[in-house]
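Read through the structure below, which is laid out as structure tokens, and then see the notes.
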Protein chains: 2
Amino acid sequence: MPGGRPRSFDADAALDRALEVFWRQGYEGTSLTDLTTAMGINKPSLYAAFGNKEELFGKVLARYLDGPGAYTAAALDAPTGREVVERLIHGAVALTAGEDTPEGCLCVKSVHAGGPDSHAVRQDAVAVRKAGEAALRRRLEQADDLPSHYEPAALAALVHTISDGIAVQAAAGRGRDELRQVADLALRALLD
Amino acid sequence: MPGGRPRSFDADAALDRALEVFWRQGYEGTSLTDLTTAMGINKPSLYAAFGNKEELFGKVLARYLDGPGAYTAAALDAPTGREVVERLIHGAVALTAGEDTPEGCLCVKSVHAGGPDSHAVRQDAVAVRKAGEAALRRRLEQADDLPSHYEPAALAALVHTISDGIAVQAAAGRGRDELRQVADLALRALLD
DNA sequence: GAGATAACGTACCGATAGGTATAAAACTTG
DNA sequence: CAAGTTTTATACCTATCGGTACGTTATCTC
């Protein structure tokens, strides 16, 4: 009883194209025409496969976390607390100033979508960020190699903050090499 | 020979209203209707007094730097390098998590306007940021009380990065009290 | 008070926003 | 091959976008 015309595009590949557009231009700066052009499909196909713009963004955000942003979860598997922090900070540079991807961080960009129609999108981004920081805090609670004056929650917040700063710097055009120096200096200040 | 009907609104006050809207909603998230409503004037008056949306934003950005953002220049007058850094970081918290102003930083938000029509605005914000950091670097070059392993340029970049991170955190909803703790912890890591 | 000047309010402009109705096309199942 | 199903492409919808033409109103100068 199924049947029907098969779709002529790869949904995952199309989602990746949508990710790149949203990542580069932000939610508000991206039109449906931008999306359909980049994805190589037309609007009815987009709506049938992904829902409206807001829902598509939700799926793109999930893919972002699962792909380019996966380092944040992976970093928590490092053996020591210091190494967790190092991986997060270096990972932020690699992500936000990567050579084959747009500059900046999709999540940070989305937090700054302030228009009336972007409320849900901003909330999504905020929720993702909060969950990530909570996971980092829990991981740091189990580390015993960090300078003793750090409370895990406070250190998690600070690492998150520095990571955000790196994303802004990348979005504002600072290059990868310079950004790596900033990251190394931050790590020395934090961990030495 | 002058004459003519006098304008029925205070241009400076209107600019302040425009500032608040842009600050809260970002450049792309703000429509002319949002602006005229907040400013209490209609479109022809807006265009006659401030030019188009892009030019208005330029004037708003200048006013932002001269008003809420003036602490960045004022901080450079502090007697010691340490105090300069402290004022900048604490000032970032006060600015981005102030109780009577929108959360976040207009300049950081504007950097994240990624749409095709926002190119000039993003460039403006980037230029302002670059100038600010250069001024900070020059000030730090003349400080002799900072930990000796800091190069002024690198420290300026790191302080700027942390300041950006604070702005993102504020935009993402972290409250003032928590943010102050983050700032204090960052200062201890940087300067102790 | 008569002109000249400039800001005002309204009503409008083309372009584009996000989103959909409709019908042709491409497949699976019987 | 015919029926049923789903995707495709085109063409269109309303609302709003940034921006402006135009006639009215208020002021200054003479």
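Every chain is numbered from 1, with letters handed out A, B, ... down the list of sequences. Fair warning: this is a prediction, and the values are worked out from it, not measured in the lab.
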*Using a cut-off of 4.0 Å on non-hydrogen atoms, how would the nucleic acid contact of Thr30(A) be classed: base, sugar-phosphate, or nothing?*
sugar-phosphate
_Looking only at the side chain of Lys43(B) (C-beta and beyond, no hydrogens), which of the listed nucleotides dT7(D), dC17(D), dG18(D) gets closest?_
dG18(D)
*dG19(D) C1' sits how many Å from Asn52(B) CG, rounded?*
9 Å
*Check whether the side chains of Thr161(B) and Asp164(B) place a donor and an acceptor atom closer than 3.5 Å, and report yes or no.*
no
_Any side-chain N or O of Ser31(B) below 4.0 angstrom from OP1/OP2 of dT16(D)?_
no
*What distance do Lys53(A) atom NZ and Leu56(A) atom CG have between them, rounded to the nearest 0.5 Å?*
9.5 Å
*Base, sugar-phosphate, or nothing: which does Lys53(A) touch, judged by heavy atoms less than 4.0 Å apart?*
sugar-phosphate
_Value in whole Å for how far the C1' atom of dC27(C) lies from CZ of Phe9(A)_ = 16 Å
*asked:* Please report the distance, rounded to the nearest Å, between CD in Glu28(A) and C1' in dT16(D).
replied: 15 Å
*asked:* Does dA26(D) have its OP1 or OP2 closer than 4.0 Å to a side-chain nitrogen or oxygen of Ser8(B)?
replied: no
_Would you say Ser45(A) places a side-chain N or O within less than 4.0 Å of OP1 or OP2 belonging to dT7(D)?_
no
*Search all heavy atoms of Ala189(A) against all heavy atoms of Tyr150(B) and return the closest pair with its distance.*
CB-OH, 3.8 Å
_Among Leu185(A), Ile166(A), Ile89(A), Val93(A), side-chain contact (heavy atoms from CB on, under 4.5 Å) partner for Arg180(A)_ = Val93(A)
*Could you check how far CZ of Arg5(A) sits from C1' of dA24(C), rounded to whole Å?*
8 Å
*Rounded to whole angstrom units, what separation is found between the CD atom of Glu54(A) and the C1' atom of dG19(C)?*
13 Å
_Nearest-angstrom distance from the residue atom CG of Asn42(B) to P of dA21(D)_ = 16 Å
_Whole angstroms only, please: what is the CG-P distance between Leu46(B) and dG9(C)?_
13 Å
*In terms of side-chain heavy atoms of Arg7(A), which of dC8(C), dA17(C), dT7(D) is nearest?*
dT7(D)
*Atom-to-atom span, CE of Met39(A) to P of dA9(D) - whole angstrom*: 14 Å
*If you find the nucleotide of DNA chain D closest to Pro6(B) and the one closest to Asp34(B), which residue's nucleotide is nearer the 5' end?*
Asp34(B)
*asked:* Here's a test for you: under side chain to side chain donor-acceptor pair (under 3.5 Å), which of Glu103(A), Glu178(A), Arg174(A) qualifies with Gln169(A)?
replied: Arg174(A)
